[in-house]
Trainee: 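The following block contains the structure, expressed as structure tokens.
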Amino acid sequence: MAFKPLGKRVLVERIEEEKKTSSGLIIPDNATEKPSIGVIKELSKEVEKEDELKKGDKVLFGKYKGNEVKIDNQDFIVLESEDILGIIK
């Protein structure tokens, strides 16, 4: 990957939610919301120094935060580190 965030930003790959209900019904894409959980793929130098975030962390972030980008035909979201609500253990 050839993307390094600047400022206090992180690059996150969304984790897609299960598209099936517990009873086995398949939920169409247009009926689901974009997930607000993802995995950190890259960090800016400022975030690496100051925050407790690191690559590979599974995080929860604000629903309408960040900018969506496509890198190497993959969808990511660039977030300000303050838009990350917490780390999921």
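Just so it is clear, the values below take in all heavy atoms, side chains as well, and ignore hydrogens, waters and symmetry mates. Quantities reported herein were computed from a predicted structural model and do not represent experimental measurements.
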Trainee: Taking salt bridge (charged side-chain N to carboxylate O under 4.0 Å, His left out) as the definition, give me every residue that meets it alongside Lys58, ordered by chain and number, with sequence neighbours left out.
Mentor: none
Trainee: Could you tell me whether a side-chain N or O of Ser44 sits under 3.5 Å from a main-chain N or O of Gly7, the two making a donor and an acceptor?
Mentor: yes
Trainee: Using salt bridge (Lys or Arg N to Asp or Glu O under 4.0 Å), reason through Glu68 and Arg14 one step at a time and then give a plain yes or no.
Mentor: CA-CA 10 Å; Glu68 294 183 2; Arg14 288 184 195 268; 3.4 Å; yes
Trainee: For Gln74 and Glu13, run side-chain contact (heavy atoms from CB on, under 4.5 Å): C-alpha distance rounded to whole Å, both residues' side-chain angles, the deciding distance at 0.1 Å, then the answer.
Mentor: CA-CA 9 Å; Gln74 274 192 292; Glu13 183 177 13; 3.2 Å; yes
Trainee: With heavy-atom distances below 4.5 Å as the criterion, would you say the side chains of Ile77 and Val69 are in contact?
Mentor: no
Trainee: Is the closest side-chain heavy-atom distance between Leu11 and Pro5 below 4.5 Å?
Mentor: yes
Trainee: As an exercise, state the distance from CD1 of Ile37 to CD1 of Ile15, rounded to the nearest 0.5 Å.
Mentor: 6.5 Å
Trainee: Supply the atom-to-atom distance Asp72 CG to Phe3 CZ, rounded to the nearest 0.5 angstrom.
Mentor: 11.5 Å
Trainee: Flag the pair Glu42 and Lys54 as a salt bridge only when some basic side-chain nitrogen lies within less than 4.0 angstrom of an acidic carboxylate oxygen.
Mentor: no
Trainee: Quick one, Val12 with Phe61, criterion side-chain contact (heavy atoms from CB on, under 4.5 Å). Give me CA distance, side-chain angles, the key distance, then yes/no.
Mentor: CA-CA 10 Å; Val12 174; Phe61 52 89; 3.9 Å; yes
Trainee: Closer than 4.0 angstrom, basic N to acidic O: yes or no for Lys45 and Glu50?
Mentor: no
Trainee: Quick one: side chains of residues 79-89, donor-acceptor pairs under 3.5 Å with protein atoms, not counting sequence neighbours, listed by atom name and distance.
Mentor:
residue	atom	partner	partner atom	Å
Glu80	OE2	Arg9	NE	3.2
Glu80	OE2	Arg9	NH2	3.3
Ser81	OG	Asp51	OD2	3.2

Trainee: Nearest 0.5 Å please: distance from the CG atom of Leu43 over to the CG atom of Leu53.
Mentor: 6.5 Å
Trainee: Apply side-chain contact (heavy atoms from CB on, under 4.5 Å) to Phe76 and Lys41, showing your working.
Mentor: CA-CA 9 Å; Phe76 296 94; Lys41 294 298 184 178; 3.9 Å; yes
Trainee: Residues in side-chain hydrogen bond (donor to acceptor under 3.5 Å, both in side chains) with Glu46, at least two apart?
Mentor: none
